[in-house]
Amino acid sequence: MDLSTIKGLGEKNVKLLQQCNIFSVEDLLAYYPYRYEFLNPNHFVTSDEKMVQVVNATVEGEAKVSFIRRNFNRLSFRVIIENKIVSVSIFNRAFLKANLTNGREITLIGKYNEKKNQFVANDIKLNVIKEAKITPVYHLTKGLKNVHFENWILDALRKPILVDDKIPEYYLEQYEFIPKLTALQYLHKPQNAEEIKKARLRLIYEELFDFMFKILYLKENETKAYGLQRELDLDGVENFISSLPFVLTEDQLKAIHDGLEDLQSEKRMNRLVLGDVGSGKTIVATILMYANVLAGYQSVMMAPTEILATQHYLSLLKLFEGYSIHIELLVGSMKVSEKKKVLERIQTGQVDFIIGTHALLSDQVLFANLGLVVTDEQHRFGVNQRKNLQNKGFRSDVLYLSATPIPRTYALTIYGDMDTSMIASKPNGRKPIITKLKKDNELKEVLAAIYEEIKLGHQIYVVAPLIEESDSEDLKDVNLLKEKFELAFRDKVHIGVLHGKMKSNLKDEVMKSFEQGELNILISTTVIEVGVDVKNATMMIIFNAERFGLATLHQLRGRVGRNDLQSYCYLISNQDSERLHVLEESNDGFYISEKDFELRGQGDLFGVSQSGDMTFRIADLKRDYKILLQAKKDALAFLESKAYLRNAYFLELTKNIDFTN
Ligand code: ADP
Ligand code: MG
């Protein structure tokens, strides 16, 4: 149903909602609150100045605003609470002044000091709360207020909406789940905590059942799917391997072996190479791509960022110098004319290796004879995206690379539809990265360490969490850091800056000069997080380290320690966090991910919330693991008994996943 049917939802708001991925009334209802505010107005307590209380009051007279300093103001007014005149103040709510008219009834939340006869409010509800009330709290985007969501969703709940109940009737009955629509009502407009609980349980189960059904269905069909059966030029592959400047590790060889078998077999390859950062997944993929090309097919590799795609492209060019292999890059920022040429060459089969970003998913990209699809940093892409590229080839094989070492049990569930090759060991000669926690006031020490590394001719990454000046002053902004560093090192070092808002050709330039050693230090936001490979970089400095999850920090740290030089990582944080010590102790991504999971749940598993395969609306893999296991069991029975063939929703779902091309 169209969003414009909702009362009070104009065109401008429709645009804002789209930023939250809400495109229809159904989407709006599926925008679940992430927490609740419980408010229960009570009798006024004057004797306890520490107690946070919720009281109703009547405005008396007019409110005054005083501006204390920039971005800081106080709103003061008088009210009557249970026959007592009290003065109220609240900070940074000057905008409420016009609403606080004489005689208006409001609800105050805050603390009362009897001596001063003053109520310091931290919130004011203009719609007076008469009885206990639970307010759902939604994630907001700029320009939208919580009350917008409350009102629109309330209106949406009154509409004759058809919601997909994805739980098969059999399980609905078995578990005595409430109907979907009731669940939505309970979730968005709960009368009590019990309703929230019931609604959540049902919606979590539904989400996980749906997810597991898809995974299991994929798995069942993958095992049946036919791929390209090729004759491989194993001597050619062998020759290439022996020409490499290093010896492959056992795990790498095993993964290559698995992949070669897949390429030769009539079964379609659907393989995940799972390995810690720096374990050398790229070369494994490269060798398989080469084997596929030798057999007469095109190979494509998709990476999540242009920087990474460009880097893969450049290193492949180097690696295949002197071979008659044609390699092209395809990224969104290319000139139209340039792109057109590349597209034509791809379509006419003049290119063997195609490296690119999401741009590869465009309908314009047609392959002459695509044989192998590689997705690097697979966890960055959603299930649909990965299927999409694969479907561009006739029975093409697929290989996924993922650096995210997630706990094994979870990995097996989540990636249950794929065969996996694990690369557990790092290439020989790698020294563990020495990691140290430092406070802001120890920066001098860190700067000295940086200078030592630069004198050795090594390079440094510095990660700052934000791009622009923010209101919170202790966050280090990239440009600010650059100034600071330049001041510290005078003009003895060359510093480059990289952040997400830069044009991509500029980014590439900066990255290139860092790779070529022209820059000693690269200060950036987390854009460098994924995959970049500069062997000469030996030190990683991360500011405000407490803002990142362990898995992300480990990935960032993995940018250094890429050859046999001793590498270092400094985590700078003023907070004493036990969490960060895990990184001082260990360089093992699998161990760290277990710890991260233990300490924080799935939240930051991939460093990017809201993207990739494991984005759930309401379920949480760790918290809801038991429900996941149950849902998996149920989904399997549902699939095996073929009951899904009599279920409209699931039947439709299976029709939309097409393996037969
Ligand atoms: P990741 O698994 O994180 O994607 P990469 O594939 O980028 O790691 O590999 C990290 C670095 O290690 C690269 O510079 C790569 O050339 C190098 N490398 C890969 N395999 C080996 C090996 N067996 N011995 C030495 N260096 C290797
Ligand atoms: Mg990589």
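The analysis underlying the following values was restricted to heavy atoms, covering all of them including side chains, and did not include hydrogens, waters or symmetry mates. Just follow the structure's listing: the first ligand is 1, and inside any ligand the first atom is 1.
- Using a 4.0 Å cut-off between a side-chain N of Lys or Arg and a carboxylate O of Asp or Glu, Asp262 and Lys267 do not qualify as a salt bridge.
- Which parts of ligand 1 touch Val277 is read off a 4.0 Å heavy-atom cut-off, strictly below it: atoms 3 (O).
- Ring-plane geometry between Phe240 and Tyr290 is classed as tilted, the angle between the planes lying from 30 to 60 degrees on a 0 to 90 degree scale.
- With a heavy-atom cut-off of 4.0 Å, Thr282 touches ligand 1 through backbone and side chain alike.
- Annotation for ligand 1: atoms under 4.0 Å from non-hydrogen atoms of Lys535 are 13 (C), 14 (O), 16 (O).
- Salt bridge status for Lys455 with Glu452: present, with a side-chain N to carboxylate O gap under 4.0 Å.
- Residue Gly278 has at least one nitrogen or oxygen atom sitting less than 3.5 Å from a nitrogen or oxygen atom of ligand 1, judged on distance alone.
- Every heavy atom of Gly275 sits 4.0 Å or more from the atoms of ligand 1.
- Salt bridge annotation for Lys512-Asp508: absent, with no cationic side-chain nitrogen under 4.0 angstrom from a carboxylate oxygen.
- Taking the six-membered ring where tryptophan is involved, the planes of Phe353 and Phe320 are perpendicular, since the angle between them exceeds 60° and thus also 30°.
- Under the 4.0 Å criterion applied to side-chain N and carboxylate O atoms, Lys340 and Glu344 are not assigned as salt-bridge partners.
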Hey, can you pull the donor-acceptor pairs under 3.5 Å for the side chains in residues 427-437, sequence neighbours left out?
| from | atom 1 | to | atom 2 | distance (Å) |
| --- | --- | --- | --- | --- |
| Arg430 | NH1 | Gly278 | O | 3.1 |
| Arg430 | NH2 | Arg562 | O | 3.4 |
| Lys431 | NZ | Asp564 | O | 2.6 |
| Thr435 | OG1 | Arg557 | NH1 | 2.7 |

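- Between Phe246 and ligand 1, a contact under 3.5 Å exists for no N or O pair.
- Looking at Arg562, Arg559, Arg430 and measuring to atom 27 (C) of ligand 1, the nearest heavy atom belongs to Arg430.
- At a heavy-atom distance under 4.0 Å, no atom of His312 approaches ligand 1.
- Distances below 4.0 Å separate heavy atoms of Gln252 from the following atoms of ligand 1: 19 (C), 20 (N), 21 (C), 22 (C), 23 (N).
- The cationic group of Arg230 lies under 6.0 Å from the six-membered ring centre of Tyr297 and within 45° of the ring axis, placing it in a cation-pi geometry.
- For Val247, every heavy-atom contact with ligand 1 shorter than 4.0 Å involves the backbone, none the side chain.
- Among Ser279, Ser315, Pro427, Ala285, the residue whose heavy atom lies closest to atom 24 (N) of ligand 1 is Pro427.
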